[in-house]
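Note sheet for the following structure.
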Protein chains: 2
Amino acid sequence: MSSVPAFKRLPRAVREQQMLDAAVKVFSRRGFHAASMDEIAEDAGISKPMVYAYLGTKEELFVACLHREGTRMMQAIAGAAAPDLPADERLWRGLRAFFGFVGAYRDGWAVLYRQARGEQPFAGELATMRARLVEVVAGMLDHALRAEGREIAAIDLEVVAYALVGATESLADWLADHPDADPEKTATRMMNVAWLGAAQLLHGVTWRPPVD
Amino acid sequence: MSSVPAFKRLPRAVREQQMLDAAVKVFSRRGFHAASMDEIAEDAGISKPMVYAYLGTKEELFVACLHREGTRMMQAIAGAAAPDLPADERLWRGLRAFFGFVGAYRDGWAVLYRQARGEQPFAGELATMRARLVEVVAGMLDHALRAEGREIAAIDLEVVAYALVGATESLADWLADHPDADPEKTATRMMNVAWLGAAQLLHGVTWRPPVD
DNA sequence: GAGCATACCTACTCGTGCGTAGGGTTACGC
DNA sequence: GCGTAACCCTACGCACGAGTAGGTATGCTC
């Protein structure tokens with residue numbers, strides 16, 4: 001019987017990626033709780049027990065999503081910002097990579113990130129990632145300061161870095177909600193806010209991306 | 001029978017506030033979905049049907065919480081920033097009021113706000129509030145620009161305002177997570193980032209709150 | 001082509017928690 | 001002191017969705 005097997009059998013690795021794709025999509029659309037495992041399974045073109053067999057419980061599945069997307073993002077950023085460049089150059093490249101990532105994986109990022117903030121079990125996971133980002137930014141600021149022979153309290157540095165990261169995330173949300181917006185341009189705007197500051201901007205000074 | 005009525009009968013208005021207090025607390029601790037109506041009712045010292053009778057469904061209850069806390073916040077800010085002051089003064093007062101509010105209602109704010117971002121049904125509600133904030137900030141920037149005879153595209157203004165609001169929310173989160181931190185000091189730090197910008201800060205210029 | 005692991009399914013169980021039915025009791029006007 | 005309206009309760013119904021039991025087919029190895 002069954003001369004034509006309705007649909008193909010695929011190796012585990014492939015199916016897992018399909019499931020993760022579906023999960024990201026559904027979690028992003030519905031939110032963690034409102035998303036049902038049935039819908040995810042259906043969207044992945046597979047039945048529910050397979051999801052449990054491969055990726056475990058709903059929570060574990062969500063964590064797996066967070067991990068994949070988080071790793072992708074970190075790699076995108078890390079790959080762009082070489083540590084031996086001057087601080088402004090590093091900041092610029094990091095921002096550009098970041099917004100590029102968000103633009104490319106709108107679903108993936110915006111929603112997973114937005115989701116994870118609220119739900120207790122995952123807030124920690126997220127906080128770790130953000131903490132790494134804050135540390136990187138704080139390190140850059142500190143480096144730039146020392147280069148000028150200055151120094152400020154570590155806590156102030158951290159808070160400033162926190163604010164910058166927050167502003168960036170906020171613009172990422174904006175970008176995710178405006179599909180027509182250009183990631184590159186958004187990065188430039190963020191660079192203006194971050195590096196020159198509102199006051200400078202008000203005086204008409206404008207930072208421009210280097211033409212390379 | 002029942003010479004001593006176990007606990008008092010109270011007028012509706014009072015009970016509603018008690019319920020809202022309890023709801024804010026529980027929603028903030030557990031998150032929207034994990035919070036149970038039973039727990040909220042118990043925490044309010046009342047039985048579940050009363051909650052339904054007065055505040056309606058779980059969603060309606062949450063919206064009511066959002067509304068109360070949101071209104072409180074907006075009033076705190078609006079009351080502080082008189083429209084005839086110079087922009088930097090207004091910004092400073094607004095920030096101070098905002099962080100003061102967050103410091104006072106840590107539970108209320110941080111969690112409701114964090115919660116509402118993720119859950120679809122409420123994201124809109126929240127977006128409206130944030131949009132009002134963004135508009136106010138953008139208006140301030142625009143005003144300041146015109147005073148200097150300059151002008152920039154409306155969309156740039158909006159994005160900058162968005163970034164500033166995002167940075168502020170981010171610091172509010174930070175504040176909510178650091179119970180020992182001083183709201184006033186946090187506001188000052190935010191003012192530095194917002195008004196002078198990172199570059200200015202790097203050159204050692206520091207904005208100080210006026211001593212009044 | 002026998003044996004075995006892997007991919008895959010249909011069809012259930014069962015807890016959890018929202019929302020309600022139906023009834024009791026206290027205050028207050030008249 | 002009697003009706004009426006507001007306050008308040010102890011149960012329950014019921015849907016929804018996470019996770020599982022138990023079985024079928026397909027390819028791979030020797």
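Keep in mind the model is a prediction, meaning the values are calculated, not measured. Proteins come first, then strands; the chains are lettered A, B, ... in the order of their sequence lines, and each starts at number 1.
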Using a heavy-atom cut-off of 4.0 Å across all strands, would you classify [X] as base, sugar-phosphate, or nothing?
| X | result |
| --- | --- |
| A:Ser36 | sugar-phosphate |
| B:Met50 | base |
| B:Ala35 | sugar-phosphate |

When the distance from [atom1] of [X] to [atom2] of [N] is rounded to whole Å, what number comes out?
| X | N | atom1 | atom2 | result |
| --- | --- | --- | --- | --- |
| A:Leu55 | C:dC8 | CG | P | 13 Å |
| B:Glu42 | D:dC8 | CD | P | 17 Å |
| A:Glu16 | C:dA7 | CD | P | 9 Å |
| B:Lys48 | C:dG22 | NZ | P | 17 Å |
| B:Asp38 | C:dC18 | CG | P | 6 Å |
| B:Lys58 | C:dT20 | NZ | C1' | 17 Å |
| A:Met19 | C:dC8 | CE | C1' | 10 Å |
| B:Tyr52 | C:dG17 | OH | C1' | 8 Å |

Problem - Carboxylate-amine/guanidinium proximity below 4.0 Å for B:Arg130 and A:Asp177 - result: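 No salt bridge links B:Arg130 with A:Asp177.
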
Problem - Ion pair check, B:Glu69 and B:Arg72, cut-off under 4.0 Å - result: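 Looking at B:Arg72 together with B:Glu69, the answer is yes, because their closest N to O distance falls below 4.0 Å.
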
Exercise for the section: Decide whether a cation-pi geometry holds between A:Lys58 and A:Phe27; the criteria are a distance under 6.0 Å from NZ or CZ to the six-membered ring centre and an angle within 45° of the ring axis. Expected result: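 A:Lys58 over A:Phe27 ring: no.
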
Practice task
Looking only at side-chain atoms of B:Pro49, point me to the closest of D:dA21, D:dC8, D:dT10.
Solution key: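 Nearest nucleotide to the side chain: D:dT10.
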
Problem - Selected nucleotide, minimal atom distance to A:Ile46 side chain, candidates C:dC18, C:dC9, D:dG17 - result: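 Output: C:dC9.
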
Exercise for the section: Step by step, work out the ring pair (Phe, Tyr, Trp, His ring centres under 6.0 Å) result for A:Tyr105 and A:Trp109. Expected result: CA-CA 6 Å; A:Tyr105 296 86; A:Trp109 185 79; over 10 Å; no

Handout entry: Any A:Tyr54 side-chain nitrogen or oxygen under 4.0 Å from OP1 or OP2 of C:dT6
Key =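 Checking A:Tyr54 against C:dT6: no side-chain N or O falls below 4.0 Å of OP1 or OP2.
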
Exercise for the section: Please state whether the phosphate of C:dT6, meaning OP1 or OP2, lies under 4.0 angstrom from any side-chain nitrogen or oxygen of A:Arg15. Expected result: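 A:Arg15 to C:dT6 OP1/OP2: no side-chain N or O under 4.0 Å.
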
Exercise for the section: Taking the side chain as every heavy atom from C-beta outward, state whether B:Leu66 and B:Met129 have any pair of such atoms under 4.5 Å apart. Expected result: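 No, too far: nothing below the 4.5 Å cut-off.
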
Exercise for the section: Classify the side chain of A:Arg9 versus the base of D:dA25 as yes if they form a donor-acceptor pair under 3.5 Å and no if they do not. Expected result: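 Yes, the side chain and the base share a sub-3.5 Å donor-acceptor pair.
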
